[in-house]
Enquirer: 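Shown below is the structure under consideration.
Heavy-atom basis, side chains included; hydrogens, waters and symmetry copies ignored. First listed ligand is number 1; within each ligand, the first listed atom is number 1. All values derive from a computational prediction rather than experimental measurement. Sequence positions, counted from 1, serve as the residue numbers for this chain.
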Amino acid sequence: MTETESNLYDVVVLGAGPVGENVADRTRAAGLTTAVVESELVGGECSYWACMPSKALLRPVIARADARRLPGLRQAVQGPLDTEAVLARRDWYTGDWTDDGQVDWLKSIGADLYRGQGRLTGPRTVSVGDQVLTARHAVVVATGTRAALPALPGLAEVRPWTSREATSARSAPGRLVVVGGGVVATEMATAWQALGSQVTLLVRGKGLLDRMEPFAGELVAEALAEAGADVRTGTSVASVTRTDGVVQVVTDTGERIEADEILFAVGRAPRTDDIGLETVGLEPGSWLAVDDSLRVDGTDWLYAVGDVNHRALLTHQGKYQARIAGAAIAARAAGTPLAQADPWSAHSATADHESVPQVVFTDPEAASVGLSLAEAEAAGHRVRAVDVDMSSVAGAGLYAEGYKGRARMVVDLEREILRGVTFVGPGVGELVHSATVAVVGQVPIARLWHAVPSYPTISEVWLRLLEAFRDN
Ligand SMILES: Cc1cc2nc3c(=O)[nH]c(=O)nc-3n(C[C@H](O)[C@H](O)[C@H](O)COP(=O)(O)OP(=O)(O)OC[C@H]3O[C@@H](n4cnc5c(N)ncnc54)[C@H](O)[C@@H]3O)c2cc1C
C-alpha cells in the first residue's frame, strides 16, 4: 500500500447514505477536502431498501384508503390496487437500484468517491482496497445499520425476508408472515396486505408500536385487522423451516402457520463489525457513543453520525446530526471554539434527546414528537396527558367520513410547555411539524392559544387539546 499526497483529505467519510452525503455536503461547503467511501450504493439504505421504496409502496395504499372513506369517491376505488404499477413506481424511486444520479451529485459538490469497504487502520487513516486515505481533521463513520435476525436454528436455510427483500420484492407473496411489532413490521404488513398478500403479523409484546403512546398501536392493529391481516400479539416464533418452498412457522404457543415468505423486522444492528474499530481501541460491532457534536467519546478526530450512534434511527434525525457534525468539524478545523453549552448552537445535536419527530406511514398514520407520557414520567418530569378524540374536529370529518383518530399532548406542569405530542389518524403525518415547533421551541402553553389553526383543517385539533387542558 502506498500513501500519496492525493490521498490526504481534511475529512474522510465512511458510508454514503443520506447521513454521509450530508456530512460531505457541509464539509465541502466549508471548503474542506472530503473523501467519501461507499461499499454498495451511494444513497444508502434509505434510498434503496428503506424510506423511499417503503413509502412508494405505501402511498397508493393510503391514498386508496382515504378515497374509500369519501362518499362519491368510494365507489370508484373498490377494486384491487394495480400491484405491478405500484412496484414499477417503487422501482423508479429507487432508480432501479442504480446510484448514477447520487454519484453525479457527490461529484457536483467536489467530494471524491472511493468505492469499496472502508476500514480504519489506525487514528485518522482508512483503507479502501489497496488505497490508504488519511484525514487531517476528521474521520466520520456513517455506516448505518442492517437488519438484526433472531438466533433461530436453521434460519439461514429458510431465506427469510429482511427489510431489504420487503422493500424490493418483485411480486406480492400469497401468504406473508411478518415478525415484529415496530415501525418496519407495521408499515410492511400494511403495504403487502393491500398489495395482495395474506399477512399474519406475529408480535411478541402486548401490542404494536410500543415506543409510541399505547393508542397508536391499538388503532393501527385495529385497522390492520379490518384490512384483513391476522394480528397475533403475545406470540413469538419458536421454530421456522422451509420445505418444498413453503415456510412452516411454529409459535411459542404451539400454533403452526404456513406461508410463502417470512419477514423478520425485529430490530437493527450497527454496521461496525468490519470497519477496523479494533485498530483505534473500540469494540467491533458496537454502537458508537458520541457527544452532542457527534464526536466519539474519548477521541478528538473520530465522529459517528446517523443510525450508527443509535441516538435516533431516522433519516431526518441523521441528516440533522450530519449538519451539526459538518459544522462542528469545520469550526474545529478553523480553530473556532464550539459553544456546546448553548442549546441553540449549530454545533450541538440537542434535538436528539427529547424532541425527535417520527411518522409511521400506516393507515391510519401515527405521528409523534418528543416524549410519550410514560417516557416523560420516567424522565422525572411532572406531566399531565391531555387526550382528544379527533373525530370532533370539523376538518377531520371533512377529510374522511367516520374519521377515527386520537391526539395526546403531554404537558409539563412545572414549565407549562409541551414535552410530547402524538396524533393518530388519516392525514396526520403533515400535522406533526406543528407539534415539533411547539416542543422544540418550548412554546409556553398560554402562547399556543394565539397560534390559530385554519378552518376547517385537522389542525384545529390543537384548539380541542388546549381547551381540554384548560377545562380539566
Ligand atoms: C424499511 C425501512 C423504512 C424506513 N423508513 C424511514 C422513513 O420513512 N423515514 C425515516 O426517517 N427513516 C426511515 N428508516 C430509517 C432510515 O432508513 C435510516 O435512519 C437511514 O437510512 C440512516 O441513514 P445512514 O446514512 O445513517 O445509514 P444508511 O442509510 O444505512 O447508509 C449507510 C451507508 O454506509 C455504507 N457502508 C456501510 N459500511 C461501510 C464501509 N465499511 N465502507 C463503506 N461504506 C459502508 C452502506 O453501504 C450504506 O450505503 C427506515 C428504515 C427501514 C429499514
Enquirer: Report, in ascending order of atom number, the atoms of ligand 1 lying under 4.0 Å from any heavy atom of G306.
Expert: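 What qualifies from ligand 1 is 26 (O).
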
Enquirer: Can you find an N/O atom of V184 closer than 3.5 Å to an N/O atom of ligand 1?
Expert: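 No, V184 has no N/O under 3.5 Å of an N/O on ligand 1.
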
Enquirer: With rounding to the nearest 0.5 Å, note down the distance linking CG in D91 to CD in E84.
Expert: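 Answer for the CG-CD pair, D91 versus E84, is 10.5 Å.
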
Enquirer: Identify the closest protein heavy atom to atom 39 (C) of ligand 1: which residue and atom is it, and at what distance?
Expert: T143 CG2, 3.5 Å

Enquirer: Can you find an N or O of D274 that's nearer than 3.5 Å to an N or O of ligand 1?
Expert: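 By distance alone, the answer is no.
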
Enquirer: Give the atoms of ligand 1, by number and element, whose distance to some non-hydrogen atom of S54 is under 4.0 Å.
Expert: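 The atoms of ligand 1 under 4.0 Å from a heavy atom of S54 are 3 (C).
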
Enquirer: Could you check atom 26 (O) of ligand 1 against the protein and tell me its nearest heavy-atom contact, residue, atom and distance included?
Expert: D307 N, 3.2 Å

Enquirer: Should you measure from each heavy atom of I275, which atoms of ligand 1 turn up under 4.0 Å away?
Expert: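 With I275 as reference, the close atoms of ligand 1 come out as 41 (N).
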
Enquirer: Is a donor on one side and an acceptor on the other found under 3.5 Å between the side chain of Q193 and the backbone of T190?
Expert: no

Enquirer: Measuring from atom CG of L57 to atom CE of M52, what distance do you get when rounded to the nearest 0.5 angstrom?
Expert: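 Answer rounded to 0.5 Å: 11.5 Å.
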
Enquirer: Among protein heavy atoms, which sits nearest to atom 42 (N) of ligand 1, and what does the distance come to when rounded to 0.1 Å?
Expert: G118 N, 2.9 Å

Enquirer: Checking a contact table here: which protein heavy atom is nearest atom 4 (C) of ligand 1, and how many Å away?
Expert: C51 N, 3.6 Å

Enquirer: If the cut-off is 4.0 Å to any non-hydrogen atom of A142, which atoms of ligand 1 fall inside it?
Expert: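 Atoms satisfying the 4.0 Å criterion: 32 (C), 33 (C), 34 (O).
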
Enquirer: Nearest 0.5 Å, what's the CD-CG distance between Q131 and N7?
Expert: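 The CG atom of N7 is 5.0 Å from CD of Q131, to the nearest 0.5 Å.
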
Enquirer: For ligand 1, does L41 get within less than 4.0 Å through its side chain, its backbone, both, or neither, judged by non-hydrogen atoms?
Expert: backbone

Enquirer: Which atoms of ligand 1 sit under 4.0 Å from any heavy atom of G17?
Expert: 25 (O), 31 (O), 33 (C)

Enquirer: Using only atom types and a distance under 3.5 Å, with no angle test, would you say the side chain of D291 pairs donor to acceptor with the backbone of R295?
Expert: yes

Enquirer: Looking only at distance, does S163 have an N or O less than 3.5 Å from an N or O of ligand 1?
Expert: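 Checking ligand 1 against S163, no N or O pair falls under 3.5 Å apart.
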
Enquirer: Quick one: look at K55 and ligand 1, take heavy-atom pairs under 4.0 Å, and tell me if it's side chain, backbone, both or neither.
Expert: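 The side chain, only.
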
Enquirer: Would you mind finding which of E38, E40, E21 brings a heavy atom closest to atom 48 (C) of ligand 1?
Expert: E38

Enquirer: W49 versus ligand 1: do any nitrogen or oxygen atoms come within less than 3.5 Å of each other?
Expert: no

Enquirer: For A16, does its backbone N or O pair with a side-chain atom of E38 as donor and acceptor, under 3.5 Å?
Expert: yes

Enquirer: Nearest protein heavy-atom contact for atom 44 (N) of ligand 1: which residue, which atom, what distance?
Expert: S39 N, 3.1 Å

Enquirer: Indicate whether any N or O donor in one side chain lies under 3.5 Å from an N or O acceptor in the other, for R332 and S293.
Expert: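 Per modelled atom types, R332 and S293 side chains form a pair under 3.5 Å.
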
Enquirer: Using heavy atoms and a 4.0 Å limit, tell me yes or no: is V359 in contact with ligand 1?
Expert: no

Enquirer: Looking just at side-chain N and O atoms, do Y399 and D66 make a donor-acceptor pair shorter than 3.5 Å?
Expert: yes

Enquirer: List ligand 1 atoms under 4.0 Å from P18, heavy atoms only on the residue side.
Expert: 23 (O), 25 (O), 29 (O)

Enquirer: For R268, state whether at least one heavy atom is located under 4.0 Å from any atom of ligand 1.
Expert: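 Distance cut 4.0 Å: R268 passes for ligand 1.
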
Enquirer: Indicate yes or no for a side-chain donor-acceptor contact from H316 to the backbone of P357 under 3.5 Å, with no hydrogens or angles considered.
Expert: yes

Enquirer: What atoms of ligand 1 come closer than 4.0 angstrom to any heavy atom of G116?
Expert: 42 (N), 43 (C)

Enquirer: Distance-only, no hydrogens or angles: does the E213 side chain make a donor-acceptor pair with backbone N or O of L373 under 3.5 Å?
Expert: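 Answer holds: yes.
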
Enquirer: Taking atom CG of L282 and atom CG of L120, what is their separation to the nearest 0.5 Å?
Expert: 8.5 Å

Enquirer: Please write down residue, atom name and distance for the protein heavy atom closest to atom 52 (C) of ligand 1.
Expert: A50 CB, 3.4 Å

Enquirer: Is the closest heavy-atom distance from G43 to ligand 1 below 4.0 Å?
Expert: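 Not so, G43 does not reach ligand 1.
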
Enquirer: Is there a polar contact, in the sense of an N or O pair closer than 3.5 Å, between H316 and ligand 1?
Expert: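 Yes: some nitrogen or oxygen of H316 is under 3.5 Å from one in ligand 1.
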
Enquirer: Measure the CG-OG distance between L371 and S355 for me, rounded to the nearest 0.5 Å.
Expert: 8.0 Å

Enquirer: Note the single closest protein heavy atom to atom 16 (C) of ligand 1, along with its residue, its atom name and the distance in Å.
Expert: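 Ranked first by proximity to atom 16 (C) of ligand 1 is T315 OG1, 3.4 Å.
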
Enquirer: E40 and salt bridge (charged side-chain N to carboxylate O under 4.0 Å, His left out): which partner among R164, R115, R146?
Expert: R164

Enquirer: Looking only at atom types and distance, does a side-chain atom of R232 sit under 3.5 Å from a main-chain N or O of T235, one as donor and one as acceptor?
Expert: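 No, the answer is negative, given that no donor and acceptor are paired below the 3.5 Å cut-off.
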
Enquirer: If you measure every N or O of V19 against every N or O of ligand 1, does any of those distances drop under 3.5 Å?
Expert: yes

Enquirer: Would you indicate which of E187, K319, E45 comes nearest to atom 30 (O) of ligand 1 when only heavy atoms are counted?
Expert: E45

Enquirer: To the nearest 0.5 Å, what is the distance between CD1 on I62 and CD on E187?
Expert: 8.0 Å

